[in-house]
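Comments concern the structure below.
Just so we're on the same page: letters track the sequence lines, and every chain starts at 1. Heavy-atom basis, side chains included; hydrogens, waters and symmetry copies ignored. Predicted model, so just to flag it, every value in this text is computed and none were measured.
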Amino acid sequence: MSPRKRSRSSSISSSDSQPRKRQRSSSDGSEPDKRLKVYIVQAKLSADEVASLYALVDHHSVNESLDFELTPSPRDADVIVTAVHMRKRLERHIDWALAKEKPIVTPDWLFNSVSAGELLPCGKFAALSELHDETVHNCPDGDDDSDTAASSPPTDSLLHLRSPSQEPAASADLDWKSRYACCRASPLVCVNQHLVSRLAIIRRSRELEDDKISALSYDHAIGMIKSYPYELTEDRLNEVNSLPHIGPKMISRIEEYLDNGDIEEAETIANSQRYQSLEAFTDLYGVGATTARKLYAAGCRTFEDVERYYGVSYEDEAEEEADLDDGLKTEETDDLHLASQHNDRASQHNDRKPPRPLRFAKPKIPSITPRVALDLRDDLDQRIPREEVQEIFAVIVRELNAVRPGCVATIVGGYRRGKSLSGDVDIVIGHPNLSPTGKQVKGLSSRLVERLYERGLVTHLMYLSGFHAPDVTRAAHWDALEKALTVFVLPGGVRRRVDLIFAAPEAYWTAVVGWTGSKTFERDLRRWAAEQKELKFDSTGLTRRSNGELLVPTSEEDVFRLLGLGWVPPTLRNADA
DNA sequence: CGGCAATACC
DNA sequence: CGTAT
DNA sequence: GCCG
């Protein structure tokens with residue numbers, strides 16, 4: 001069911017006067033030619049912005065259904081991108097009569113479309129309000145994606161803080177009663193979101209207290225509620241009670257919630273010093289539940305305590321950040337590694353010794369140490385607005401193409417699921433088509449990271465997957481995935497966690513699905529594959545359990561198809577709280 | 001009652 | 001073993 | 001904490 005544009009324009013195109021609407025210039029005969037021609041008006045755009053836009057368009061990107069190409073002439077453009085907002089100004093570049101026949105949008109339309117993986121409606125991005133209507137009318141949007149399962153109902157989650165009454169996940173074969181999150185539609189915010197948030201506290205507490213299994217049960221229950229399409233009330237209790245993963249304990253909590261509007265244990269936990277401290281400690285990269293408990297047991301309650309615990313080599317706090325410290329330190333931060341260990345501080349003076357006759361005189365990118373994690377905390381605990389995610393993406397795409405032209409990239413993670421704020425930025429890089437020439441993506445990881453570091457865009461490397469020879473089990477497949485977990489920073493910006501995932505051509509689509517999440521959705525995808533289909537699924541690929549045959553999807557929809565699942569749009573994969 | 005996602009480093 | 005994805 |  002490859003998504004092709006289903007021009008839902010039928011009703012709109014009433015004003016026939018307009019020439020071909022979404023008819024991509026049928027100029028070059030052959031097939032429908034899905035490449036969308038983009039003309040960029042450079043006026044009023046900085047060199048960098050132009051570069052970003054060109055990188056985005058030039059190397060098109062994302063799925064098969066989203067393919068751009070630059071056109072030198074506005075006349076045969078399908079869409080015109082400009083930062084100009086006034087008629088007079090635009091007329092210097094484009095004939096007014098022509099302008100009225102084209103969608104004239106702001107760069108944001110491009111960024112958003114690329115990020116969304118689909119052509120978005122132009123309305124909100126009309127560059128000239130004066131041409132808003134024409135722009136909307138001529139907009140190339142409306143095509144593909146999301147249709148498969150999410151056609152009938154508005155489906156566009158995201159803004160579904162809506163009323164109770166409404167259709168269940170009428171989407172195709174999605175079933176909110178399924179015991180697998182990957183068979184259900186889970187919006188970002190559900191109708192029973194408050195209850196979910198309460199259960200999430202208990203879940204988190206279980207996790208922090210090392211009761212993983214109980215936490216898992218809450219994950220499942222929360223997932224069920226996230227996709228339950230009705231507002232929970234007394235009269236729905238029976239129905240809810242019969243749902244998978246909702247057992248005696250869960251029902252009693254739900255009943256308590258319906259009676260009192262809250263769950264006592266959740267409140268108690270949330271107000272406890274222990275919970276708050278443990279929760280805070282785990283904000284530190286490298287500090288998990290176990291270490292957090294140790295810190296707490298050692299008497300720590302606040303970050304100040306933790307700093308002290310790890311030895312505040314800090315001269316004082318007067319210096320503040322503004323750390324240009326990492327300008328280009330060609331040194332190697334010696335270890336005293338990740339928090340995992342308990343009391344390992346002391347060992348201060350690590351003299352750096354030339355480790356090995358490493359001929360690579362490359363500057364070494366700082367890695368994380370408890371000290372660094374502490375320093376990064378103020379930045380990393382800030383969430384990232386969508387606009388910035390797009391900016392970061394654009395910059396990375398630009399650099400990526402400087403390193404290896406022809407690559408494509410797509411933002412995955414929470415951003416792709418529609419979150420307005422993200423904890424980090426996840427980007428899958430690769431070649432979407434299993435083209436025979438889908439060559440060298442390998443080693444790309446280190447080269448891109450090097451470049452980003454040289455340019456001061458990457459300040460730390462939490463982890464860089466090596467070029468190991470992974471399996472002997474099923475040779476012929478060099479690392480399907482390479483990863484670079486970094487700390488990235490735009491000039492003058494806040495440092496952000498950015499994960500770069502480099503996928504081999506055969507692994508591209510499973511990587512996209514695997515990194516879009518949510519966590520529970522992913523777990524259930526694996527469970528479903530194993531329990532129902534005798535398949536093994538993970539972000540590096542899909543294989544047949546019996547013969548180990550590697551199944552290579554040709555699109556994201558194909559991944560679901562191969563798994564025998566109905567299509568679930570990214571924005572409906574929010575199975576977690 | 002066993003199982004609960006799956007891997008890669010540290 | 002713990003942490004991260 | 002719930003399922004098969």
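More than 12 heavy atoms of other residues, nucleotides or ligands sit less than 6.0 Å from atom CD of Glu265(A). Environment of CD in Glu234(A): crowded, with over 12 heavy atoms of neighbouring residues, nucleotides or ligands closer than 6.0 Å.
Remark: Arg179(A) is in phosphate contact with dG4(D), judged by side-chain N or O atoms under 4.0 Å from OP1 or OP2. At dT3(C), one or more side-chain N or O atoms of Thr291(A) fall inside 4.0 Å of OP1 or OP2 (strictly under the cut-off). Using a 4.0 Å cut-off, some side-chain N or O of Lys536(A) falls inside it from OP1 or OP2 of dT7(B). The side chain of Thr290(A) places an N or O atom within less than 4.0 Å of a non-bridging phosphate oxygen (OP1 or OP2) of dT3(C). In this model, the phosphate group of dT5(C) is approached by a side-chain N or O of Arg497(A) to a distance below 4.0 Å at OP1 or OP2. For Tyr218(A) and dG1(D), the shortest distance from a side-chain N or O to OP1 or OP2 is below 4.0 Å.
dT7(B) and dC1(C) have their C1' atoms separated by 15 Å, given to the nearest Å. On the P atoms, dA4(C) is 23 Å away from dC4(B), given to the nearest whole Å. Taking the P atoms as reference points, dA5(B) lies 14 Å from dG4(D), given to the whole Å.
Applying the side chain to side chain contact (heavy atoms under 4.5 Å, CB included) criterion to Ala373(A), with sequence neighbours excluded, gives Leu284(A). Residues meeting the side-chain hydrogen bond (donor to acceptor under 3.5 Å, both in side chains) test with Gln273(A), sequence neighbours left out: Ser277(A).
The separation between Asp211(A) atom CG and dC2(D) atom P is 12 Å, rounded to whole Å. Rounding to whole angstrom units, NE2 of residue His220(A) and C1' of dG1(D) are separated by 10 Å. Arg416(A) places its CZ atom 19 Å from the P atom of dT5(C), with the value rounded to the nearest Å. Taking atom CG of residue Asp426(A) and atom C1' of nucleotide dT5(C), one finds them 8 Å apart after rounding to whole Å. Atom pair Asp538(A):CG and dA8(B):C1' shows a separation of 12 Å (rounding to whole Å applied). Between Leu208(A) atom CG and dT3(C) atom P there is a gap of 11 Å when expressed in whole angstrom units. Distance Asp424(A) CG to dA4(C) P: 12 Å, rounded to the nearest Å. For Met462(A) and dA4(C), the CE to C1' distance is 10 Å, given to the nearest whole Å.
Applying the ring pair (Phe, Tyr, Trp, His ring centres under 6.0 Å) rule to pairs touching residues 241-263 of chain A yields His194(A)-Tyr257(A), His220(A)-His245(A), sequence neighbours excluded. For the ring pair (Phe, Tyr, Trp, His ring centres under 6.0 Å) condition, the pairs that include at least one residue of residues 521-541 of chain A, sequence neighbours left out, are Tyr180(A)-Trp528(A).
Residues Tyr218(A) and Glu207(A) bring no donor and acceptor atom of their side chains to less than 3.5 Å of each other.
Within a heavy-atom distance below 4.0 Å of DNA chain B, the residues of residues 510-528 of chain A found are Lys519(A), Arg523(A), Arg526(A), Arg527(A). Listed in residue order, the members of residues 266-281 of chain A having a heavy atom less than 4.0 Å from DNA chain B come to none.
Using a 4.0 Å heavy-atom distance criterion, Leu199(A) is classed as making no nucleic acid contact. Backbone-only contact: Ala289(A) has heavy atoms under 4.0 Å from sugar-phosphate atoms and none from a base.
With distances taken from any side-chain atom of Tyr285(A) to the nucleotides dG1(D), dG4(D), dA4(C), the minimum falls on dA4(C).
When side chains are defined from C-beta on, Tyr415(A) does not count as touching Val425(A), because their heavy atoms never get closer than 4.5 Å.
Scanning both residues, Leu376(A) and Ile368(A), for their nearest heavy atoms gives CD1-CG2, 4.3 Å. Closest non-hydrogen pair, Leu481(A) versus Ser465(A), comes out as O-OG, 4.4 Å.
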